[in-house]
There are 2 protein chains.
Amino acid sequence: MLYLIGLGLGDAKDITVKGLEVVRRCSRVYLEAYTSVLTVGKEALEEFYGRNLILADREEVEQKADHILKDADVSDVAFLVVGDPFGATTHSDLILRATKLGIPYHVIHNASIMSAVGCCGLQLYKFGETVSIVFWTDTWRPESFFDRVKKNRQNGMHTLCLLDIKVKEQSLENLIKGRKIYEPPRYMTVNQAAQQLLEVVQNQRARGEEPVSEDTLCVGLARVGAEDQKVAAGTLQQMCSVDLGGPLHSLIITGGSLHPLETEMLSLFPVPERQSGSQSAERLCT
Amino acid sequence: MLYLIGLGLGDAKDITVKGLEVVRRCSRVYLEAYTSVLTVGKEALEEFYGRNLILADREEVEQKADHILKDADVSDVAFLVVGDPFGATTHSDLILRATKLGIPYHVIHNASIMSAVGCCGLQLYKFGETVSIVFWTDTWRPESFFDRVKKNRQNGMHTLCLLDIKVKEQSLENLIKGRKIYEPPRYMTVNQAAQQLLEVVQNQRARGEEPVSEDTLCVGLARVGAEDQKVAAGTLQQMCSVDLGGPLHSLIITGGSLHPLETEMLSLFPVPERQSGSQSAERLCT
């Protein structure tokens, strides 16, 4: 049996009781380590679960899935995913491969950022299509995701923006030279996402469109589900400088008109007064 | 401290390890018992948690929240919700009341139907606004939810339909006479939802519109996250008669064009061949 087990969003203890029981009895346990992260690392999970974990990077999962599925028809193999196993579409592929090999599978669900964002008080059923915002480079600055933000806003729906994660990436030079040297991991902050968004807003304005502006109400979220979770509701401009601490971050662009209950809930999460130390971030933004 | 703790979607063991630890040390533990249900009842939860649970119906939560919050400033009180605490908007209200009373709160997230529906293989980020389908009566047959289905379809987005639950409802007669006699609980099936939808489709057609038809691809889901979960992908017409077993049910109306990976995943869940016993359900539909 292949078990796909969600780990939830905080730390080692956010696994379900059922999930933990399965982890402890499987013959091999993989940890998917490229679509999301917890606030604790592999070692803390291993200690709490009492099991060794095998890190599975993108290459392993997408190109060497046979390693993961080996003998899963006669023994139990667990594949652990931060959040819920279906937050990232890539895991459907693993299920399809297992099914083709005649290996049964079982899913143990857990909290996903897709639903846990409800903690800010915006109503979940009023979210439209989710978008991903990737790190721009000097030469690659995609804006196509913004069409979906626009469509959601036109329909009065909130947009959850999932922010880019770069784990185990090679520099272009190392890639070309075939050197397996990896860059340090990078996690996009709400500040970076808001700064990129403001550039898109300016490009839209130059074309005579303004579905989103500097003053559009947004919500920045960090480490949702963890003990030190932070939420701040403010304008897109404010999101450029708000200090939410370490990863993971997510950003919501609200859909325009809010239900009174949504407004009241958001008022619990004001953007903190800026301290002198955060002014440099503000300057970056303008 | 007020703890809002998600119980996930299956049975007693779908609580997180963190959630269980909190339940075991709180001075009072409430179980919200009107927006969703697990596959096991209160007694099974009490046995596994080792705690007595106080059932909180809608009246208790919405009108007598002060009972729940009593002394939560000096002791720990847990409020358990099937799924994730923010699946139902009603719980924002409890948080706002607690905050006004100066009571701190903490949320322990868990799987929600809003994200666990990803198990059918449809990509979560392609879901538009969620709708609720309520039981029609002879005199009350609301169709306004269908505007949102239409808008989602126009934008190529899937619609998750949450199906009605009637728990602790009084008949009109008992309500008028002030008798606290309650009807047996009712949970809308995929069959009932599809039959109501087909009536809306026919009304739309009479107005010259046809955003959804008998042949629109839908997905019926039952007891998502439980051991005996069932999923079936087929036409809206087929959803009228597919046998998915006991509650809870949900229905997805797909957004039209599918990603090849979505199509391949849905092919894992064909509508089972009808047995003679289920033909009566089919007749109901036509």
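Just so it is clear, the structure is predicted and the values come from calculations on it, not from any experiment. The sequence lines fix the lettering, A, B, ..., with proteins before strands; numbering per chain opens at 1.
Judged purely by atom type and a 3.5 angstrom limit, A:Arg97 has no side-chain atom pairing as donor or acceptor with the backbone of A:Leu69. A donor-acceptor distance shorter than 3.5 angstrom exists from the side chain of A:Glu32 to the backbone of A:Tyr34, with no hydrogens or angles considered. For B:Gln229 (side chain) and B:Leu221 (main-chain N/O), no donor-acceptor pair under 3.5 Å exists by modelled atom type.
Both the backbone and the side chain of A:Ile15 come within less than 4.5 Å of a heavy atom in chain B. For A:Lys126, the parts sitting under 4.5 Å from any heavy atom of chain B are the backbone and the side chain alike. Contacts of B:His259 with chain A are absent, with no heavy-atom separation under 4.5 Å from either backbone or side chain. With a threshold of 4.5 angstrom between heavy atoms, B:Leu160 does not approach chain A through any atom at all. For a residue to count as touching a neighbouring chain, one of its non-hydrogen atoms must lie under 4.5 Å from one of that chain's; by this rule A:Met265 touches chain B with backbone and side chain alike. Heavy atoms of A:Thr99 lying under 4.5 Å from chain B belong exclusively to its side chain. The contact between B:Asn110 and chain A is made by backbone and side chain atoms together, counting heavy-atom distances below 4.5 Å. When heavy atoms are compared at a cutoff of 4.5 Å, A:His158 does not approach chain B at all.
Using cut-offs of 30° and 60° on the angle between ring planes, the pair B:Phe79 and B:His91 is perpendicular.
Judged as a side chain to side chain contact (heavy atoms under 4.5 Å, CB included), and not counting sequence neighbours, the contacts of A:Lys13 are A:Asp11, A:Phe48, B:Val17, B:Lys18, B:Glu21. Partners of A:Pro211 by side chain to side chain contact (heavy atoms under 4.5 Å, CB included), not counting sequence neighbours, listed by chain and number: A:Phe146, A:Lys150, A:Gln204, A:Glu209.
Your options are B:Ala111, B:Gly10, B:Gly6, B:Ser132, and the one with the most heavy-atom pairs under 4.5 Å with chain A is B:Ala111. Top candidate by heavy-atom pairs under 4.5 Å with chain B, chosen from A:Leu20, A:Leu268, A:Ile108, is A:Leu268. The most heavy-atom pairs under 4.5 Å with chain B, out of A:Asp14, A:Asp84, A:Val107, come from A:Asp14. Interface remark: of the candidates A:Gly8, A:Gly128, A:Ala116, A:Cys119, A:Cys119 forms the most heavy-atom pairs closer than 4.5 Å to chain B.
Screening A:Thr159, A:Thr130, A:Thr254 for a side-chain hydrogen bond (donor to acceptor under 3.5 Å, both in side chains) involving A:Asn152 leaves a single residue, A:Thr159.
One finds no salt bridge joining A:Lys151 and A:Asp147 here, because no Lys/Arg side-chain nitrogen approaches an Asp/Glu carboxylate oxygen to under 4.0 Å.
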